[in-house]
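Here is the structure we will look at, set down as structure tokens.
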Amino acid sequence: MIYLIIIAIVIALYFVITSQQVFGAEPKGKRLERMQKSEHYKNNQFQNLNFTPSLAEGYSMPKVLYDFLFAKKDPFLKPQQNVPAIHTDLKNIPKNEDVFIWMGHSSYFIQIDGISFLVDPVLSTYGSPFKFFNKAFAGADLFKPEDVPYIDYLVITHDHYDHLDYPTIKSIQSKVGEVIMPLGVGAHFERWGYNESQLLEEEWGAMLTLKNNFKMTFTPARHFSGRKFHRNGTLWTSYVLETPTKKMFLGGDSGYDSHFKMIGEKYGPFDYAIMENGQYNPAWKYIHALPEDVIQASLDIQAENIIPVHSGKFALALHPWNEPLQKVTALGKEKNLHILTPKIGEILDLNKTDNQFPVWWEN
């Protein structure tokens, strides 16, 4: 009898905790019906283009969990001093300047021809549903929601907490024009008070015509989604952003696969590619790219300039905090690739052809 009581209490606690706003909402009604018509939605969940196991061959979940929780951590898992950063005033960037500004991890601001985009903003001091877990590195949490200017397009790649941050999304609501997101993610936004008319929610292959003849195309990624235990109830995506003067690839999170070559052949070459580079492990290489995969993917999509993100703010894997930038820059040099590595908050002029940045992560 005591075991039944314990089980009942655990179940009740689960529902009480996961009913909080931060966990979002499950798609239902017309949204769910639309998802079910997608060719990528099967067996009540979205699917990658190719078979994608959670763990690579030779790895088991107990071993991965043991290493993550109990194995001796690398002394440089987190930086031993503040991460170098520059607090650029986003609100006063001249509208005639075309800029990219990395805000740590996978959050970044883009302005081109006066049109602004804010991608996967996580401007809390943590990248999880709970304040005590996955705290940001000192110095890397420089930008706050109040620093965000009016944004024409808020762009979300998928609904994981380190990409879709409830406190940030709520705080900037009054400063957002429209929200671009993959199928299903709109359920979270509607629960959080956004109007259905603001939500531009599509699947791979769809193309949106935006202001000033900008175009945003939803392209595949190899990843997964979910804010509770149920996985893949919403889609994940990368994007191709085309402006009258530039073409950019916004990679989101993705393991390496054939879709990069397909995107390069169909939409490339690209002036800039923002690529996931960090929080990797050989055990989950199918859903998070290793540094050598980032290089191959950059070659596949035919990118002239590569901007690595998904590092510098949170420790979600077991590698040293600065290893992603060490490896991707070294490997990129071998392939004669132009890897751009601004500090958090440092302005990258999208019209310059000779952008150079110091090796700030080594100090």
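Sequence positions, counted from 1, serve as the residue numbers for this chain.
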State whether the side chain of [X] and the backbone N or O of [Y] hold a donor-acceptor pair below 3.5 Å, judged by distance alone.
X      : Y      : answer
Gln302 : Gly264 : yes
Gln111 : Ser116 : no
His310 : Gly278 : yes
Asp98  : Asp113 : yes
Lys247 : Tyr267 : yes
Thr52  : Asn50  : yes
Ser238 : Pro220 : yes

Worksheet entry | Worked verdict on Asp159 versus His188 for side chain to side chain donor-acceptor pair (under 3.5 Å) | CA-CA 9 Å; Asp159 71 359; His188 302 313; 3.0 Å; yes
Would you say [X] has more than 12 foreign heavy atoms packed within less than 6.0 Å of its [atom1]?
X      : atom1 : answer
Lys175 : NZ    : yes
Lys73  : NZ    : yes
Asn43  : CG    : no
Glu196 : CD    : no

Worksheet item: How many angstroms lie between OG1 in Thr243 and CG in Asn212, if you round to the nearest 0.5 Å?
Response: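 Answer rounded to 0.5 Å: 9.5 Å.
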Fill in: Nearest-0.5 Å distance, CD1 of residue Ile274 to CD1 of residue Ile306
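Result: 10.5 Å between the selected atoms.
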Ignoring hydrogens and geometry beyond distance, is a side-chain donor-acceptor pair present between [X] and [Y] at under 3.5 Å?
X      : Y      : result
His288 : Gln279 : no
Lys246 : Asn351 : yes
Tyr194 : Glu178 : no
Thr157 : Thr237 : no
Glu203 : Ser38  : yes
Asn48  : Trp236 : yes

Worksheet item: Do any pairs count as a side-chain hydrogen bond (donor to acceptor under 3.5 Å, both in side chains) and have a residue in residues 328-350, sequence neighbours left out, and if so which ones?
Response: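 The answer is Asn305-His338.
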Item to complete: Sequence neighbours left out, what pairs pass side-chain hydrogen bond (donor to acceptor under 3.5 Å, both in side chains) with at least one residue falling in residues 129-150?
Response: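 Those involving residues 129-150 are His87-Asp147.
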Worksheet item: Is the NZ or CZ atom of Arg227 positioned over Phe23's six-membered ring, under 6.0 angstrom from the centre and within 45° of the axis?
Response: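 So Arg227 doesn't make the cation-pi contact.
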Pairing of [X] and [Y] as salt bridge, 4.0 angstrom limit:
X      : Y      : result
Asp293 : Lys285 : no
Asp257 : Arg222 : yes
Lys327 : Glu292 : no

Worksheet entry | Partner set under side chain to side chain contact (heavy atoms under 4.5 Å, CB included) for Ala273, not counting sequence neighbours |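 For Ala273 the side chain to side chain contact (heavy atoms under 4.5 Å, CB included) partners, ignoring immediate neighbours, are Phe249, Met275, Ile301, Ala303.
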Discussion item. Testing Val122, Thr168, Asp165 one by one against Ser107 for a side-chain contact (heavy atoms from CB on, under 4.5 Å), which residue passes?
Written reply: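 Considering Val122, Thr168, Asp165, a side-chain contact (heavy atoms from CB on, under 4.5 Å) with Ser107 is found only for Val122.
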Discussion item. Show, in sequence, the C-alpha distance, side-chain angles and deciding distance for Asp300 and Tyr256, and conclude whether the side chain to side chain donor-acceptor pair (under 3.5 Å) test is met.
Written reply: CA-CA 10 Å; Asp300 286 353; Tyr256 182 76; 2.4 Å; yes
Anything under 30° is parallel, anything over 60° is perpendicular, the rest tilted; go ahead and classify [X] against [Y].
X      : Y      : answer
Phe314 : His105 : perpendicular
Tyr41  : Phe46  : perpendicular
His160 : His158 : perpendicular

Answer yes if the ring centres of [X] and [Y] are under 6.0 angstrom apart, and no otherwise.
X      : Y      : value
His223 : His163 : no
Phe117 : Phe109 : no
Trp192 : Tyr166 : yes

Worksheet entry | Worked verdict on Met216 versus Val240 for side-chain contact (heavy atoms from CB on, under 4.5 Å) | CA-CA 6 Å; Met216 184 77 90; Val240 170; over 6 Å; no
